[in-house]
**Student:** 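Structure incoming, see below.
Lettering of chains follows the sequences in order, A, B, ..., and the numbering in each one begins at 1.
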There are 2 protein chains.
Amino acid sequence: MRFKGELKSVGIVESAGEEEARVRIFPEFCDALKGIDGFSHIIVLYWFHLRDNEKERSVLQVVPRRHTKNVKVGVFACRSPSRPNPVGLCVVESMKVEDCILTVKGLDAFEGSPIIDVKPYIPRGDAVPNAYTPEWISH
Amino acid sequence: MRFKGELKSVGIVESAGEEEARVRIFPEFCDALKGIDGFSHIIVLYWFHLRDNEKERSVLQVVPRRHTKNVKVGVFACRSPSRPNPVGLCVVESMKVEDCILTVKGLDAFEGSPIIDVKPYIPRGDAVPNAYTPEWISH
């Protein structure tokens, strides 16, 4: 039998914005933030709640937006919000940590998106500056 | 009412190993891999299935392993498998893509771990080589 996993939200995107977004971690999870202020960047996993329906979750290929080349690619080869498990991932700059609120830069999520997880960004494993990508990505 | 999300596995870690691991994507999701062979690195999200129980999911602070400094930090400030939503994240090198099998380097997951998602690694947003981390990380 296939695996099913259950996610609960640990917070919510309280205000969105590429330049500045606020993520509120729910009170019962605040202790899990201890030490996060020592990191300049964090990884935010969130739920594409507007795509959480059977139709969007059965999409396997898309023409990615923000690229002028018209190629159809698999959703595992792009960052489309339509995907089998609508989990979004953004590497963001941590601007401020105050009580249970993270103020971040670079979060591409809508207001109201449930937060699934927060992880520290550790360049040793997470930064691959010379990773290569297909040509369509750069257009 | 708080959000609950449902995850399904899109694949499984068929063989583990830091140097080489094999990820099998289930046949019904294989079309979603189209184009992934153009990326040198990918992001694998998987489920810490051995920690998927109430006790491990209620852990909020840990003394991270692999670091000699004895500091207790929040699970959102480290990569502990014990966390509210047991989702693991690894940036891996893509060594080979063959049919529905990804052969990768750098996957820190156990054999049998359910695969939640696969995303392309795009340095523009994902690589922050100069991100800083707290002192305990480097010990």
**Student:** Kindly compute the distance separating CD (A:E14) from OG (A:S113), expressed to the nearest 0.5 Å.
**Tutor:** 12.5 Å

**Student:** Using a 4.5 angstrom heavy-atom cutoff, name the option from A:I43, A:I12, A:V62, A:I116 with the most pairs to chain B.
**Tutor:** A:I116

**Student:** Most heavy-atom pairs under 4.5 angstrom with chain B, which of A:G125, A:S80, A:G5, A:P86?
**Tutor:** A:G5

**Student:** Count the heavy atoms of every other residue, nucleotide or ligand shown that sit under 6.0 Å from CD of B:E18, and state whether that count exceeds 12.
**Tutor:** yes

**Student:** Using a strict 4.0 Å threshold on nitrogen-to-oxygen distance, state whether B:K105 and B:E19 make a salt bridge.
**Tutor:** yes

**Student:** Between A:Y121, A:F76, A:F29, which has the largest tally of heavy atom pairs under 4.5 Å with chain B?
**Tutor:** A:F76

**Student:** Are the charged groups of B:R79 and A:D117 less than 4.0 angstrom apart, N to O?
**Tutor:** no

**Student:** Only pairs of heavy atoms separated by less than 4.5 Å count here; which of B:L33, B:I25, B:V73 has the most with chain A?
**Tutor:** B:L33

**Student:** In terms of heavy-atom pairs under 4.5 Å, which option from A:S94, A:C90, A:S58, A:P114 contacts chain B the most?
**Tutor:** A:P114

**Student:** Hey, is CZ on A:F110 packed in by over 12 heavy atoms from elsewhere, all under 6.0 Å?
**Tutor:** no

**Student:** Heavy atoms only, distances under 4.5 angstrom: which of A:H41, A:K8, A:K4 has the most pairs with chain B? Name it, please.
**Tutor:** A:K8

**Student:** Within a strict 4.5 Å, meaning less than it, do heavy atoms of the A:F3 and B:W47 side chains meet?
**Tutor:** yes

**Student:** For the interface with chain A, which of B:V91, B:V118, B:D126, B:N85 has the highest count of heavy-atom pairs at distances below 4.5 Å?
**Tutor:** B:N85

**Student:** Which region of B:Q61, side chain (C-beta onward) or backbone (N, CA, C, O), has a non-hydrogen atom less than 4.5 Å from a non-hydrogen atom of chain A, or is it both or neither?
**Tutor:** side chain

**Student:** With respect to chain A, which residue among B:L45, B:L89, B:V92 yields the maximal number of heavy-atom pairs within a distance under 4.5 Å?
**Tutor:** B:L89

**Student:** When you compare the side chains of A:R22 and A:T103, does any donor N or O come within less than 3.5 Å of an acceptor on the partner?
**Tutor:** no

**Student:** To the nearest 0.5 Å, what is the distance between OG on B:S82 and CG on B:L50?
**Tutor:** 10.5 Å

**Student:** Hey, which of A:G38, A:A32, A:G74 has the most heavy atom pairs under 4.5 Å with chain B?
**Tutor:** A:A32

**Student:** What part of B:E93 gets within 4.5 angstrom of chain A, counting heavy atoms only: side chain, backbone, both, or neither?
**Tutor:** neither

**Student:** Is the side chain of A:K34 donor-acceptor paired with the backbone N or O of B:K72 at a distance under 3.5 Å, no angle test?
**Tutor:** yes

**Student:** Could you tell me which of B:A77, B:A127, B:C78 has the largest number of non-hydrogen atom pairs under 4.5 Å with chain A?
**Tutor:** B:A77

**Student:** Name the member of B:N130, B:V59, B:I122 that forms the most heavy-atom pairs with chain A at distances under 4.5 Å.
**Tutor:** B:I122

**Student:** Pick whichever of B:G106, B:A131, B:G35 has the most heavy-atom pairs under 4.5 Å with chain A.
**Tutor:** B:A131

